[in-house]
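Have a look at the structure below before the remarks.
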Amino acid sequence: MIKVCYINPEKNGIGYHRLEIPFHNLSEDFKDLKVYGTNGFTAEHLPTRYDVIVLNRHSWQSEPYIEMAKDAGVKIILDLDDIIEIPEWHGAHDGINTPQIVDRIYQTIDMADGIWCASEYLQTTFNKESTYIPNAIDFTQPQFMPQPKKMDRYTIGWVGAANHSQDIELLHEPLKKLLSKKNYNILLGGVSSSDIETNRYWDFVQWLMTSAGQLPAEHFIKIDRQTTYNYAFIYNLMDCVLAPLSKGEFQKCKSNIKIIEAGAFSLPVICSNIEPYKEFIDAGVVYTSAGQWDKTMKELISAPIKGQRKGALLHEYVREHYNIKKVNQKRYYDIINVMDQRS
């Protein structure tokens, strides 16, 4: 029996998709694993003597104890969803990009026995061998069981968490060009808390997506302050998902989570033609460029059947390649390989 402990200090989307749901399934599907989870690793955990500890960049406060576990012979796996040094414009920069935290993360990379990356491009940023473990969908989770509730108009929109305003700015001017249309809704939704800074963020994003307030109120739907356990229900209200991604090394290293979530609901996606999304060129997504967003949106609003076909194709692809059961096989065998390294 291999005892594996994952550390999930923040109940955010990363922890949900990369740790909580995958390890819940690992414990069910692989009986030679005993899975434990904690939101913080302390000295009290050391006597338990886990065989493997899995942590992410948000677990840096636990790392002094991780070093003690490493010295005791425990194997360490670091799961990474983002490039290490995030850009200054990112809302979390000041909180998690301090020299102390960045140094800690690099130290953990050095001592890790295994590294899991959420994208293949992210792998290229490290001078150390790593394993590509993509995000995946657990189709048995209630929020990922489609229950379409279509609106009175064709509904396009964006679903996500905070710190994406630079990407959503790509939609500001194109959405202005849609204002003369009367046959669509704009939906903005996602995971958020109610602190002052987060409220300011959502207010700004709403300003961007409503064309500085010019979009009539009856054409705008806002569903924020959702949790990681219910936000996906928002997709049931949509006909098309927007996935803008601005240029830069940070964006190139992002995962494809928005695409596969939309695919779980058989929704077409209009997205930027950038690294994490390029895989889906023949799988139902519609790529667009800076000057073509409005044209592409108008095409799908005017021809819903085209979007439905695209969405069905994407659903098939996601079911085949991004099912948690299939992706977890890579996790399991990598845990076994890490254990085999024990001297």
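FYI, the numbering just counts along the sequence from 1. Keep in mind that this is a model prediction, so the values were computed, not measured.
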[X] atom [atom1], over 12 foreign heavy atoms within 6.0 Å:
| X | atom1 | answer |
| --- | --- | --- |
| Tyr229 | OH | yes |
| Lys247 | NZ | no |
| Lys325 | NZ | yes |
| Lys295 | NZ | no |
| Glu129 | CD | no |

Side chain of [X], backbone of [Y]: donor and acceptor closer than 3.5 Å?
| X | Y | value |
| --- | --- | --- |
| Gln226 | Gly190 | no |
| Asn337 | Tyr333 | yes |
| Lys181 | Lys298 | no |
| Lys3 | Leu33 | no |
| Lys254 | Pro276 | no |
| Thr288 | Gln292 | yes |
| Gln143 | Ala232 | yes |

request  = Of all the heavy-atom pairs spanning Ile274 and Ser246, show the shortest one and how long it is.
outcome  = CD1-O, 3.4 Å

task = Specify the closest pair of heavy atoms between Ile234 and Ile223, including all atoms of both residues, with the distance to one decimal.
result =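 Closest heavy-atom pair between Ile234 and Ile223: CD1-O, 3.6 Å.
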
Between [X] and [Y], is any side-chain donor less than 3.5 angstrom from a side-chain acceptor?
| X | Y | result |
| --- | --- | --- |
| Asn183 | Arg153 | no |
| Asp138 | Asn25 | yes |
| Glu249 | Tyr121 | yes |
| Gln206 | Tyr201 | no |
| Tyr322 | Asn256 | yes |

[X] and [Y] aromatic centres sub-6.0 Å:
| X | Y | answer |
| --- | --- | --- |
| Tyr277 | Tyr287 | no |
| Phe139 | Phe144 | no |
| Phe23 | Tyr36 | no |

message = Once ring-ring contact (aromatic ring centres under 6.0 Å, His included) is applied, do any residues pair with His24, and if so which ones, sequence neighbours excluded?
response = none

request  = Please test Ile301 against Ile156 for side-chain contact (heavy atoms from CB on, under 4.5 Å), starting from the C-alpha separation and ending with a verdict.
outcome  = CA-CA 8 Å; Ile301 291 171; Ile156 59 177; 4.3 Å; yes

query = Under the side-chain contact (heavy atoms from CB on, under 4.5 Å) criterion, do Thr155 and Tyr184 qualify, and how do the steps go?
reply = CA-CA 6 Å; Thr155 301; Tyr184 73 98; over 6 Å; no

ask   = Which of parallel (below 30°), tilted (30 to 60°) and perpendicular (above 60°) describes Tyr317 and His321?
value = tilted

request  = Give me the ring orientation class for Tyr16 and Tyr231: parallel if the planes are under 30° apart, tilted from 30 to 60°, perpendicular past 60°.
outcome  =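 Geometry flag for Tyr231 against Tyr16: perpendicular rings.
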
message = Would you say Tyr6 ends up clustered with Ile77 if hydrophobic residues are merged whenever their side chains have heavy atoms under 4.5 Å apart, either directly or through other cluster members?
response = yes

Check this for me: does any side-chain nitrogen of one of [X] and [Y] sit under 4.0 Å from a carboxylate oxygen of the other?
| X | Y | result |
| --- | --- | --- |
| Glu173 | Lys176 | yes |
| Asp113 | Lys70 | yes |
| Asp79 | Arg18 | yes |

query = Are Asn39 and Asn8 side-chain neighbours, meaning at least one heavy-atom pair lies under 4.5 Å?
reply = no

